[in-house]
Amino acid sequence: MINVDTFAQKWERQRARGRWVYAAVHAAVIGGLVAFMKLVIDFTGIEGPDTLTPLTILYFAIGGFAYGLIRFNIRERFYRAMKGQDNDGS
C-alpha cells in the first residue's frame, strides 16, 4: 500500500525542479548504468556484446529521457487526482 503523505511530500520536492530535470536525471541514470557496464566489460577483459557501442549508450540515454517524461506525467496525474484536481490540462 502506498503511503499517500510520503508520496505527496516527495513528489512536491521532485516536481518543483521541473519536468525536464526529472527526465534528464532518468536519462543520466539509465545511460550511466549502461556506460558503467561497458567500462566493466572493457576493463575486466571478459567477452562482451559487440553491439554495446557509444551509440547504444546514447540510445539508452534517450530512452531514459523519454521514460522520465512519461513517468513524470503519470506521477503528476496521480498527484492531481490525489489532491482532487481532476483538470490536468489534457
Side-chain angles (χ1 to χ4, degrees):
M1 190 73 169
I2 188 168
N3 187 346
V4 177
D5 292 332
T6 304
F7 168 77
Q9 291 172 352
K10 186 176 176 183
W11 182 241
E12 287 169 356
R13 284 192 315 268
Q14 289 176 341
R15 76 193 285 251
R17 289 189 236 153
R19 173 186 321 265
W20 301 111
V21 172
Y22 187 82
V25 167
H26 279 77
V29 168
I30 292 173
L33 286 174
V34 176
F36 179 73
M37 284 180 10
K38 172 74 170 150
L39 285 173
V40 168
I41 288 170
D42 288 346
F43 284 127
T44 59
I46 58 176
E47 190 70 26
D50 294 334
T51 58
L52 191 55
T53 63
L55 190 59
T56 306
I57 295 169
L58 177 67
Y59 290 153
F60 272 95
I62 292 170
F65 190 82
Y67 172 74
L69 288 176
I70 292 168
R71 186 171 164 94
F72 184 93
N73 287 335
I74 291 170
R75 292 174 67 95
E76 183 65 18
R77 285 184 182 185
F78 179 75
Y79 175 78
R80 288 178 184 256
M82 184 182 68
K83 291 293 186 178
Q85 303 168 350
D86 290 336
N87 185 7
D88 62 357
S90 60

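- Every residue two or more places apart in sequence or in another chain that forms a side chain to side chain contact (heavy atoms under 4.5 Å, CB included) with Leu69 is listed here: Arg19, Trp20, Ala23, Phe65.
- Atom CD in Gln14 sits 8.0 Å away from atom CZ in Arg71 (nearest 0.5 Å).
- For Phe36, there are no ring-ring contact (aromatic ring centres under 6.0 Å, His included) partners, not counting sequence neighbours.
- Cluster annotation: Tyr22 and Phe78 are assigned to the same hydrophobic cluster (Ile/Leu/Val/Met/Phe/Trp/Tyr, side-chain heavy-atom contacts under 4.5 Å, transitive).
- The hydrophobic cluster around Leu58 extends to Leu55, Tyr59, Ile62, counting ILVMFWY residues whose side-chain heavy atoms fall within less than 4.5 Å of a member.
- Here Phe60 pairs with nothing under the ring-ring contact (aromatic ring centres under 6.0 Å, His included) rule; sequence neighbours left out.
- Closest approach of Ala61 and Ala27 over heavy atoms only: O-CB, 3.2 Å.
- For Thr6, the side chain to side chain donor-acceptor pair (under 3.5 Å) partners are Asn3, not counting sequence neighbours.
- Under a hydrophobic clustering in which Ile, Leu, Val, Met, Phe, Trp and Tyr are joined whenever their side-chain heavy atoms come within less than 4.5 Å, directly or via other members, Tyr79 and Phe72 fall into the same cluster.
- Using the six-membered ring where Trp is involved, Phe7 and Trp11 have ring planes that are parallel, under 30° apart on the 30 and 60° scheme.
- For the atom pair CG (Leu39) and OG1 (Thr44), the distance works out to 10.5 Å, reported to the nearest 0.5 Å.
- Taken together through direct or relayed side-chain contacts under 4.5 Å among Ile, Leu, Val, Met, Phe, Trp and Tyr, Val21 and Ile30 form parts of separate hydrophobic clusters.
- Residues Val34 and Lys38 are not in side-chain contact: their nearest non-hydrogen atoms beyond the backbone lie 4.5 Å or more apart.
- Closest of all the heavy-atom pairs between Gly64 and His26 is O-CB, 3.4 Å.
- Every side chain to side chain contact (heavy atoms under 4.5 Å, CB included) that Thr51 has, sequence neighbours left out, goes to Pro49.
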